[in-house]
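Here is the naming used below: chain letters follow the sequence lines, and residue numbers restart at 1 for every chain.
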2 protein chains.
Amino acid sequence: MSKILQRNLYREVADRIGDLIEHGELAPGERISEKQLCEKFGVSRTPLREALKVLATEGLIELLPNRGARVVRLTFKKVKDTYDLMAALEGLSGELACQHISDAEIAAIRQLHDTMLEHYRNQDLMAYFEINRKIHESILAASRNDVLQEMYSNLSQRVKRVRYSKKMTQTFWRQAVQDHENMIAALEKRDSQKLGQILREHLCNKLEVATLAGVIEDGSLSPENSAENSPVHSTENSAVNS
Amino acid sequence: MSKILQRNLYREVADRIGDLIEHGELAPGERISEKQLCEKFGVSRTPLREALKVLATEGLIELLPNRGARVVRLTFKKVKDTYDLMAALEGLSGELACQHISDAEIAAIRQLHDTMLEHYRNQDLMAYFEINRKIHESILAASRNDVLQEMYSNLSQRVKRVRYSKKMTQTFWRQAVQDHENMIAALEKRDSQKLGQILREHLCNKLEVATLAGVIEDGSLSPENSAENSPVHSTENSAVNS
DNA sequence: ACAGTAGCAATTGAATTCATAATTACTTTT
DNA sequence: AAAAGTAATTATGAATTCAATTGCTACTGT
């Protein structure tokens, strides 16, 4: 049925490090000491270094030749670029989903949708987000495109640590709910063009980007800015103000 | 300027193995012996295994626990899924390019376009494809989205070994050229919606998928079909005659 | 004769060891 | 006293070694 999950040590270690990054226990830009992590996880350097190589190709850390690894610093531009991509992928997933989704799956999503509305009425943001995630996941699964799902999952991983959207204005929230109403409608009519468009323009992404502009500006994500060796600061931060 | 290319041994090895796969010297489904490759490249097992882990996350090979690695078998569905994704990414790149591209870059693409038309008139397929690739690359670069470029490049790698479209009917070719005419027009008008749409529907992808359907059916890509452990050889040989 | 189990060979997974590169601290010179 | 250069220490890159799992083959029992 689903994929056989291979439990190699390197994969386990990679996941654990990913968690550390997501929860901020490994700060952005922080240098990662191999020995330190070896002791923390109780493994030898070989599987740990394999894990680091993998995490680097997954875009979570970057490797400095002969100088070890460090957590990638999420600049505003990087996050924006990633969200643009994710929006495009969500759009595609919507189009494909309309072509392949079963009636049972639509019914299940409708069910989720109704539950989500309930949470909206109760103003339960956490519960709302959880169901929201499940709905998008269901559509993604209905696309029947494994490569797409893999890519989306990877992109999602990269920006996970900034996905906490604590503040959600009523206007935005209301609009998001409206988007979801339209999504369900398009899905039930199997209007792939429409669903694709809605998902591409779905507020969630734009909203998060908007709020993030503030968050990142605060310096909470990029403590010592993006420039490593160049003394000149580029326009990336000033762009936030425009 | 551009990224500092780190020349780690593992990256070098990974690229070399990638080449072997692309050129078919490592057959699809073939088991990869670590020792064998170590001797071939003259490196120890450590960097080689790091390379294998990376190639696995890049989707070129798959790792069987305690049984080594093997080249992924490109099924028709996998290729189709990948092309669908690439089309979506090209579409996005078009939209973004219209927003960021400079006049100089447009002029350069126009230049490429004219050269390509020349090759079309001379019916020089190889030269045509080369310029065609450069044009799409230029648009991708103009999107100013590094994540997008990285993802596209990865997807492109995965299906590289089947991208040889030797046969190109005149009808298809003519349509492709027409598409490119429209692309340039949209680009010069900076009509992002239009360019996006053209790129998403650009014949190249659909054409390749169509021809590939034949190629893969021939068994040249999946020698023993998609089934892994089934002892029964299905229609693979009889299909060649049909 | 066929099937199941046990033993052996081979290959991968992980750890330890060795080498090389970088960084830091200390000393010397200006 | 400050700066530069050299040496030493630390950390990463690579190789070798060790252990464990797998697959194959042979032998025995039914």
So B/Glu90 and B/His202, do their side chains get closer than 4.5 Å, heavy atoms only? no
Whole Å only: how far is the CD atom of A/Glu50 from the P atom of C/dA14? 7 Å
With side chains defined as the heavy atoms from C-beta onward, is the minimum distance between A/Leu112 and A/Asn132 less than 4.5 Å? no
Protein-nucleotide distance (A/Leu9, atom CG; C/dA14, atom P), rounded to Å: 5 Å
Can you measure B/Asn8 atom CG to C/dT20 atom P for me and round it to whole angstrom units? 17 Å
Does B/Gly68 or A/Pro47 map to a spot on DNA chain C nearer the 5' end, using the closest nucleotide for each? B/Gly68
Side-chain-base donor-acceptor pair under 3.5 Å for B/Arg49 and C/dA14: yes
Name the closest nucleotide to the B/Ser33 side chain, picking from C/dT12, D/dA14, C/dA14. C/dT12
Whole angstroms only, please: what is the CD-C1' distance between A/Glu34 and D/dA14? 12 Å
5'-most contact on DNA chain D: B/Arg45 or A/Ile32, nearest heavy atom basis? A/Ile32
For B/Ala69 and for A/Val43, find the nucleotide of DNA chain C with the closest heavy atom, then tell me which residue's nucleotide is more 5'. B/Ala69
Could you tell me the separation between the OH atom of B/Tyr10 and the P atom of D/dA14, rounded to a whole number of Å? 10 Å
Report the distance from atom CG of A/Leu37 to atom P of D/dA11, rounded to the nearest whole Å. 13 Å
Between A/Ala87 and A/Arg200, what is the shortest heavy-atom contact and its length? O-CG, 3.5 Å
Assign A/Leu48 to base, sugar-phosphate, or nothing according to its heavy-atom contacts below 4.0 angstrom with the strands shown. nothing
For residues A/Ile61 and A/Leu63, report the shortest heavy-atom separation together with the two atoms involved. CD1-CD2, 4.2 Å
With B/Glu58 as partner, the option from B/Lys160, B/Arg11, B/Arg158 fulfilling salt bridge (charged side-chain N to carboxylate O under 4.0 Å, His left out) is B/Arg11
Got a list of protein N/O to nucleotides 22-25 of chain C N/O distances below 3.5 Å?
residue, atom, partner, partner atom, Å
C/dT23, OP1, A/Arg67, NE, 3.4

Rounded to whole angstroms, how far apart are CD on B/Glu39 and C1' on D/dT16? 15 Å
With a 4.0 Å cutoff (strictly under), does any side-chain N or O of B/Ser44 reach OP1 or OP2 of D/dA15? yes
Separation of C/dT16 atom P from A/Lys35 atom NZ, nearest Å, is 14 Å
Examine distances only and state if a side-chain atom of A/Asn8 and a backbone atom of A/Tyr10 form a donor-acceptor pair shorter than 3.5 Å. no
So, OP1 or OP2 of D/dA14: does either fall under 4.0 Å of a side-chain N or O from B/Thr46? no
A/Ser156 side chain vs A/Tyr152 backbone, donor-acceptor pair below 3.5 Å: no
